[in-house]
Amino acid sequence: MANLGIHVLEQATAVSIPVVADSGLPYVTGVAPIHMATKPGKVTMKTANSANEGSEGGDTSAGSGTSGEATLEVDEDYSVYYDYKTDSCVVELLETGASYDVEAISISYTEVKPEKVALVDIVEGVTHVDDCMTAVGKIPDTLCTPAWSHNTVVAAIMATKSAGIMGLFHGKCLIDADCSKTGVRDYSELVGYKNKNNFVDENQIVCWPQVKLGDYQFHLSTQLAGLMAKVDTLNAGCPYESPSNKALKMDTCCLEDGTEVNLNWPQVNIVAGDYGVVTAVNFLVGGWVAKGNYTACYPGNTDVKDIFIPVSRMFDWVGNTLIRTFWSKLDKPMNRRLIDSILDTCNIWLAGLVGTERLLGARAKMLESENNLLDLMAGIICIHIYITPPSPMQQCDFILEYDTSYVESALAA
């Protein structure tokens with residue numbers, strides 16, 4: 001039966017808007033100083049019996065109740081804050097609170113015991129990176145475990161999760177080489193340390209030593225994570241630029257016990273260029289900067305897509321973006337329109353990255369050799385993405401030559 005009249009129908013746009021993956025978003029597992037938080041928890045205050053309470057005509061403090069005791073409310077009757085100068089937790093009654101004039105109070109609290117955190121807790125914490133998408137709607141791509149990443153078990157778990165967050169997404173993990181009394185005390189020990197502890201994964205970035213800023217001491221991985229996020233943000237969330245030769249917030253390199261480490265340029269060249277370890281250097285006019293472009297797999301692995309931090313991160317980022325962009329296409333009828341929509345969306349987005357020089361070249365194709373009849377019948381298609389991120393310029397050579405022709409032209413009669 002005809003539906004009389006003129007009707008307008010809408011059809012889905014052939015090209016999708018890319019859902020660009022987050023870049024430089026850290027997932028940190030470790031021991032948090034919760035006692036230094038703005039509002040430390042687990043502090044309970046109660047009013048106590050006063051000396052004249054219960055006597056005839058006696059004045060019972062407000063809020064004490066018939067039992068002579070009442071639980072006070074935080075932010076209403078009292079405040080709790082951390083005092084950095086005295087390294088203590090301060091509890092203070094508020095003048096506006098109902099129990100400001102009580103004669104006595106009792107305080108109960110839960111004490112922070114970082115030493116109770118065990119290796120199994122850290123490992124479990126790392127595995128919970130899979131919960132981020134459902135919990136906060138974000139997918140981290142940088143895994144950090146300050147003070148624990150030097151442990152070979154933790155480092156191995158971090159590398160495994162970085163290769164398949166939720167079994168789908170890729171990222172990098174930052175590993176601190178141990179620089180305690182039993183760890184790496186001299187730069188020359190790094191290559192042996194990396195090999196012995198199997199820190200040779202393309203998803204690992206090894207850092208050494210630690211750094212200080214004033215009285216504060218940091219694992220280098222902590223500063224590097226922040227620096228990577230900053231560089232990505234300045235590039236519109238695209239990780240095509242290396243964090244190497246970018247400023248760190250520090251004034252000294254040091255070992256875990258505070259012993260100062262002063263690497264000269266030849267030593268930095270060995271650490272960052274030969275060993276594949278990210279370090280820090282204060283050289284020429286740049287101040288303190290991170291130095292190192294290689295992931296942990298270098299020098300054993302020489303595949304350019306694996307060894308360079310920005311190149312490898314670009315592969316991760318492009319892959320993560322493709323997953324997020326085309327997830328909504330799953331279970332749609334696999335016809336030519338769908339395939340063309342995927343290819344067109346890929347090529348338009350990749351062309352934009354090439355136009356802004358974040359990629360040197362890129363294209364998406366569906367190759368007949370990678371899509372056999374049985375796979376197509378099973379609803380499986382394969383799109384081949386060709387991308388070439390720019391490598392970081394690590395060396396620039398100038399050749400100086402004396403040209404005698406200038407003498408002739410300048411002094412000719």
Side-chain angles (χ1 to χ4, degrees), residues 24 26 28 141-147 149-150 155 158-159 162 171-179 183-184 186-195 197 199-213 217-232 239-250 252-256 261-283 286-301 306-314 316 391-395:
V28 183
D141 70 331
T142 308
L143 274 60
C144 305
T145 57
S149 61
H150 67 276
M158 292 173 69
S162 297
K172 293 288 176 280
C173 58
L174 306 185
I175 308 298
D176 286 296
D178 183 14
C179 59
V184 178
D186 186 82
Y187 77 95
S188 61
E189 302 169 4
L190 278 168
V191 65
Y193 174 85
K194 273 186 61 180
N195 293 331
N197 291 279
F199 294 163
V200 293
D201 194 282
E202 64 268 22
N203 294 312
Q204 295 174 326
I205 300 173
V206 179
C207 306
W208 184 86
Q210 295 184 12
V211 298
K212 295 178 70 174
L213 180 64
Q217 187 164 328
F218 305 89
H219 292 88
L220 183 52
S221 66
T222 305
Q223 290 247 356
L224 185 63
L227 181 58
M228 290 166 62
K230 178 182 177 181
V231 174
D232 292 352
Y240 81 107
E241 185 174 356
S242 174
S244 183
N245 211 31
K246 309 296 189 301
L248 293 167
K249 303 298 182 182
M250 57 171 291
T252 308
C253 276
C254 65
L255 302 177
E256 185 177 287
V261 175
N262 183 26
L263 297 177
N264 57 40
W265 182 248
Q267 293 169 339
V268 170
N269 203 26
I270 293 174
V271 172
D274 296 339
Y275 297 165
V277 174
V278 176
T279 188
V281 62
N282 184 8
F283 189 66
W288 284 99
V289 298
K291 194 61 183 176
N293 290 302
Y294 292 119
T295 62
C297 71
Y298 183 83
N301 184 341
D306 295 330
I307 62 174
F308 285 128
I309 293 172
V311 174
S312 186
R313 292 186 71 217
M314 279 297 288
D316 295 342
S391 299
M393 186 184 74
Q394 299 202 104
Q395 179 175 331

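Quick note: numbers below take in every heavy atom, side chains included, and nothing from hydrogens, waters or symmetry partners. Numbering of residues begins at 1 and proceeds along the displayed sequence.
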Within the 3.5 Å criterion, strictly below it, is a donor on K172 or T295 matched to an acceptor on the partner's side chain?
no

I205 versus L174: any side-chain heavy-atom pair under 4.5 Å?
yes

Any donor-acceptor pair under 3.5 Å from K230 side chain to M228 backbone:
no

Looking only at side chains, do E202 and N301 share a donor and an acceptor under 3.5 Å apart?
no

Can you give me the closest heavy-atom contact between G292 and S244, atom names plus distance?
N-OG, 3.0 Å

CE of M314 to CG of D316: how many Å apart, nearest 0.5 Å?
10.5 Å

Pairwise distance CZ(F283) to NZ(K291) - rounded to 0.5 angstrom
10.0 Å

Considering all heavy atoms, the nearest A177-L190 contact:
CB-CD2, 4.1 Å

So W208 and L255, do their side chains get closer than 4.5 Å, heavy atoms only?
yes

Drop me the distance from L224's CG to I175's CD1, to the nearest 0.5 angstrom.
11.5 Å

Would you please classify the geometry between the Y193 ring and the F199 ring as parallel, tilted or perpendicular, with 30° and 60° separating the classes?
perpendicular

Which heavy atom in A229 sits nearest to a heavy atom in G24, and how many Å separate them?
CB-O, 3.3 Å

R313 and D232, any side-chain heavy atoms less than 4.5 Å apart:
yes

Quick one: does any side-chain atom of Q267 pair with a main-chain N or O of N264 as donor and acceptor, under 3.5 Å?
yes

Closer than 3.5 angstrom, by distance alone: can the side chain of S149 be matched with the main-chain N or O of D176 as a donor-acceptor pair?
yes

Can you find a heavy atom in the side chain of M158 that is under 4.5 Å from one in the side chain of Q204?
no

Non-hydrogen side-chain atoms of T222 and V28 separated by less than 4.5 Å:
no

With V281, the side-chain contact (heavy atoms from CB on, under 4.5 Å) member among V289, V271, L263:
V289

Correct closest heavy-atom pair for N203 and A159 would be ND2-O, 4.2 Å

Which heavy atom in Q394 sits nearest to a heavy atom in Y294, and how many Å separate them?
NE2-OH, 2.9 Å

Between K194 (side chain only) and Y275 (backbone N and O only), is there a donor and an acceptor less than 3.5 Å apart?
yes

Using a 4.5 Å cut-off on heavy atoms from C-beta on, say whether the side chain of V278 contacts that of I309.
yes

Nearest non-hydrogen partners of C297 and D306, listed with the distance:
SG-O, 3.7 Å

Given side-chain contact (heavy atoms from CB on, under 4.5 Å), test L220 with L248 step by step and report yes or no.
CA-CA 9 Å; L220 183 52; L248 293 167; 4.0 Å; yes

Side-chain contact, heavy-atom cut-off 4.5 Å: S312 with I307?
no

Could you check whether any side-chain heavy atom of Q210 comes within less than 4.5 Å of a side-chain heavy atom of C179, counting everything from C-beta outward?
yes

Is atom CG of N262 surrounded by more than 12 heavy atoms (other residues, nucleotides or ligands) closer than 6.0 Å?
no

